[in-house]
Every structure is written in structure tokens, then in C-alpha cells.
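Please read these numbers as outputs of a predicted model, since none were measured by experiment. For reference, positions follow the sequence shown, starting with 1.
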Amino acid sequence: MRVRGRARPVTVATAAALLLTTALAGCDGGSAHPQSSKGSSARASQEPQESPDAPTGTSRPLEWKRCAAPEGGTEPGPAWRCATLDVPLDHAEPDGRTIGVALIRKAATRKSERLGSMLFNFGGPGGSGVGILPGAAGAYRQLNTRYDLIGFDPRGVAASAGVHCRSDEEQETAYREVDMTPDTPAEEAAFLADGAAFGAGCARLSGTVLPHVGTANAARDMEAIRVALGDEKLSYFGVSYGTELGGTYAHLFPDKVGRVVLDAVVDPTADSAGHARNQATGFQRALENYLRDRGQVPAAGTRRIARLLERIDANPLPTASGRELNESLAVLGIVKPLYSRSGWPTLTAALDEAEETGRGDRLLALADAYNGRDGEGHYDDQSHSQRAISCADAKARPTAADARALLTEFRKLSPVFGPFLAWDTAGWCAGWPVDGERDTPEASAPGAAPILVIGTTGDPATPYEGARRMADELGEGVGVMVTNKGEGHGSYGESSCVTALVDSYFLDGRVPADGRTCS
């Protein structure tokens, strides 16, 4: 049930994906995440192809065409053009099978002053840049004057050989029946069995691409995109998981780093348990800030919400739809509005309804939005891609015993979110059919150009401390730390100070002093 990052394209901050790396990570759930069967025909067309005689990747010029509507979305309009770039399925075999990476572009509006292309990743992992960027582009209007805005679906996502693991029905059953904080041996067995079944479904339906969807391979695809676009250096804006991807690119290709901004930063020093610990801290911090704003004592408010969750665990709440709100869905309903201060009134209304009327309609609607469930019961596939990418990256495969060992500490960190995040460490990659690549991502980039690293003090999903660690990992003279004193996940478009610094950096090359603070 990770809170790791569903991108929500309304404002720039909401276009940043949720990024809980453990139970809450990913804008979707974690170990109980079944997902939709929508779009299978489109995915089938993205199966790896045998390589032609010509070299793969950047050998053919991109053919930009009018964009069709993405799966479940609307056509972006005449200003947008789409293309597909062939890249090796396995970068260790550049002349082998290929997959197509989907791209979308909006040309710079001042062509005589054009600086090049700017590539975006809004988080997840699993967020579709092709689907998100058109809805978020208004916030980047100033940058679009001199840059072509470029979105892409990373490998394993949406139109780029998107991973698919479960049907809508299987997803619905898991959300309804699997307890994400098991209290009995039977619940624990069902929780772990569901995680293994999810992985088996991924292997059955997307087994060809599953070993190749890790972040390092996506970074290599970004280099192929840079070459295909004809840019000497990569200009890049990464949010949430997009910061991990950006740090990985900088490590692999430091001499190709141009102007790069990382906003809402993933801690590159944290392993699976470390990310869970960070997020328990970050979401509890955001919850306490919300409670203070509501005029409540944080400790008392936290206890009240924890007791509400205990009651829901014992007796799920009814809703008008006939579906019940269980504890797992209730936690996700609380998580979603904490991503932005603008969501706090919605959280108040949902909690008041649950506590005062004993109904779960509002919290269930929030959980459904978080999980990518539409009104007809269809789920999107972001949680499939998110999980596949996360488990392809991380070597760690924590056991149930490991999760139980974390419970006491995590409950102290957050009585509301701690148990979910502790258990998710075991459920997320349980029985995963592909080995992970590394313990933690490598972000050192000696010799790279300065990279802006922006941390928000009240960020729930990627806590502020991770930004400082990313700046340190990038290296002296490379990581330039900017602190945003505020709330929410992502700061560009939310803080006028941060927005001005980023625009000046991208448009005029002005690098702020390391340690700059916006308040």
C-alpha cells in the first residue's frame, strides 16, 4: 500500500506524485494492490520487438505527430505532438530486442530565444509523463517560453511497455479483503500470499519487460531521449520519484547534466526500511501540522484518529455505494489530502463524517481517487508499474519477522501511519519474481553542473531531510540545497520564492547560493 507517488496534474505541486516508498508510497497501495485490465490491447502493441538491422535507440529521427488521447484521458490539443523512441529492452544488449518509449512535446513559444528541451518526470514511480504534462503545463508557462516541454512514459509505464498484473476484479477483492496491518496469523498469511500473487501476475502478464524496468535503465533511456532530441546537455525537472531518477541519471552521465532541478526529494541513502521510517516521520509531521491548523493538540488528535482506525478495523463503515470502508482504505483516505495544504478542509469533512455519523463515503472517495479507481470500478495501472519498478530496484526482501520487529518503533513514530508502513516493507515485494539491483540508489555525480535540490519542511511523502542527503550525495559543488519553509509535496508553483529561483536558474542560468531559504 505504498504512498510512493501517484502524480496528480492539477497544480505543479499536485502533479508531483505521492511518493511513499513503503506502505503508503506510490500513490497507490502496496501489497494488496490489484489493478486494472484497461488498455491491454495498447500494451500488447508495446511488447519488445526484434531489433532491425539498423542500430537501436537513436538511429532514426523522431517522428512527431498529432497526439491521440491517452488511455482513460483526453486528446491534449493541437499544440502537442507525440512520438515513440525505440530503445534496447536490455541496455547490455544494444542490438537486441527493443521497446518503444512514448514521448510528448509542446514547442517553445519564443522560438528565436529557444534554449532547448526540458524533460519532466512527475513521480511515482509509474506516473505517465505523456498523460500528466498537458494538464500540468500551464504551471510551466514561463519555462515553456524558451524550452520545449517534453514528457515521457518511463519503461514499464503506460504506453512504454506498461506493466500489467491484475484485473479490476482482483484489485477490488484485494482492497476489500486483505488487511494491510494483519492482526492474526490468518490475516498475515493472506497479506503475504496476496503480495506473492501480485508478483506472479506481473510475471505472467508482463514477464518479458519485468527484469528491465529499474530506474537505472530508465535513466539510460533518458540519455537516449537527450540524443534523439539533439540537445548537447540534458535539462530536466524531476519531482518526487523523479528526483531519484534524476540523481541516477546524474551519476551515470555527469558530463551530460545541463540545468537540472529536483523538487520533493527522495532520500538516496535510505533502504526499504529507511524509506518507511522516513515516511512514517513525514506523514505524522504533516498530520500534526494539520491538527495544529485545526486548533487541536497534535498528540490528542493523533490518538483520536488512531482510535477511529481501530474501530473501523473491527467494524468497517457503510457507504452509499454498498462498498464498505475498511481500515486500509481509511488510511489511504487520510493520506491523500495531506499531500497539499489545500486538501486539509477535505480531510476535516471526511474525518467529521466518519466520527460523527459513522459513515465512510468521503474517506472512501478519497481512497478511490488515490488508488486510481473510477466511478465504474476500473483501476489504472500505476500501482502495477510502481511496484514493478520499485522491486526491480531494491535488493531487500524483508520478511514478516522483519516487519514485526519494526512495529514498536513505527507505532511510536506514528500511531496512524506507522503500522501500515512497517507491514508494507514485507508485503510490497513479497515473493517477487525478479531480483532487485541495489540496496540504495547511487547519486554521486562528480564533475556535473550544479543541480538545484529543493526540500519542503512540511513535505509528508518525501521528508525534508532527504533533500539535504541528496545534495550531499551529489557532491560538493553539484548539489545546491534550497529550503522551502512550507507544507505539501512539491514547491514549484506553490512557493513564489521557489518558483522565481527555479525560473531564473532554467532561463538565465543563475545558480542560487547553496543553503538558500524560501519562507
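No more than 12 heavy atoms of other residues, nucleotides or ligands sit less than 6.0 Å from atom CG of Asp435.
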- request: For side-chain contact (heavy atoms from CB on, under 4.5 Å), just list the numbers for Thr346 and Leu366, CA-CA rounded to whole Å, side-chain angles, deciding distance to a tenth of an Å, and then say yes or no.
  value: CA-CA 9 Å; Thr346 304; Leu366 288 167; 3.8 Å; yes
field: Derivation of the ring-ring contact (aromatic ring centres under 6.0 Å, His included) call for Phe237 and Tyr140
entry: CA-CA 11 Å; Phe237 201 135; Tyr140 302 102; 5.6 Å; yes
query: Between Phe283 and Phe420, is a ring-ring contact (aromatic ring centres under 6.0 Å, His included) present by the stated rule, with each step listed?
result: CA-CA 12 Å; Phe283 272 88; Phe420 289 80; over 10 Å; no
- request: Evaluate side-chain contact (heavy atoms from CB on, under 4.5 Å) for Thr84 paired with Leu103, printing each intermediate quantity in order.
  value: CA-CA 6 Å; Thr84 299; Leu103 304 169; over 6 Å; no
task: Kindly determine whether Glu288 and Arg285 satisfy salt bridge (charged side-chain N to carboxylate O under 4.0 Å, His left out), including the steps that lead there.
output: CA-CA 5 Å; Glu288 291 178 1; Arg285 182 184 295 160; over 6 Å; no
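Defined by atom type and a distance below 3.5 Å, a donor-acceptor pair is missing between the side-chain atoms of Thr440 and Asp271. For the residue pair Asn217/His91, the side-chain donor-acceptor check at 3.5 Å is not satisfied. Looking only at atom types and distance, the side chain of Asn278 has no donor-acceptor partner in the side chain of Glu465 under 3.5 Å away. Using a 3.5 Å distance cut-off with no hydrogens or angles, the side chains of Tyr241 and Thr215 do pair a donor with an acceptor. With 3.5 Å as the limit, one finds a donor-acceptor pair spanning the side chains of His489 and Ser240. For the residue pair Thr181 / Glu327, a side-chain donor-acceptor distance below 3.5 Å is found, with atom types taken as modelled.
Test Met222, Met118, Arg226 against Tyr236 for side chain to side chain contact (heavy atoms under 4.5 Å, CB included) and you get one pass: Met222. Among Asp153, Asp86, Asp221, the one residue that satisfies the side chain to side chain contact (heavy atoms under 4.5 Å, CB included) test with Val101 is Asp221. A side chain to side chain contact (heavy atoms under 4.5 Å, CB included) with Leu364 holds for exactly one of Leu332, Asn326, Thr319; it is Thr319.
In this structure, Arg387 forms a cation-pi arrangement with Trp428, its terminal cationic atom sitting closer than 6.0 Å to the ring centre and no more than 45° off the ring axis. Relative to the ring axis of Phe410, Arg277 does not place its NZ or CZ within 45° and under 6.0 Å from the centre.
Counting heavy atoms from C-beta outward, Ile104 and Cys67 have side chains that approach closer than 4.5 Å. Contact check for Glu487 versus Asn289: side-chain heavy atoms found under the 4.5 Å cut-off.
Between Arg341 and Glu494 there is no salt bridge, since no side-chain N of the basic residue sits under 4.0 Å from a carboxylate O of the acidic one.
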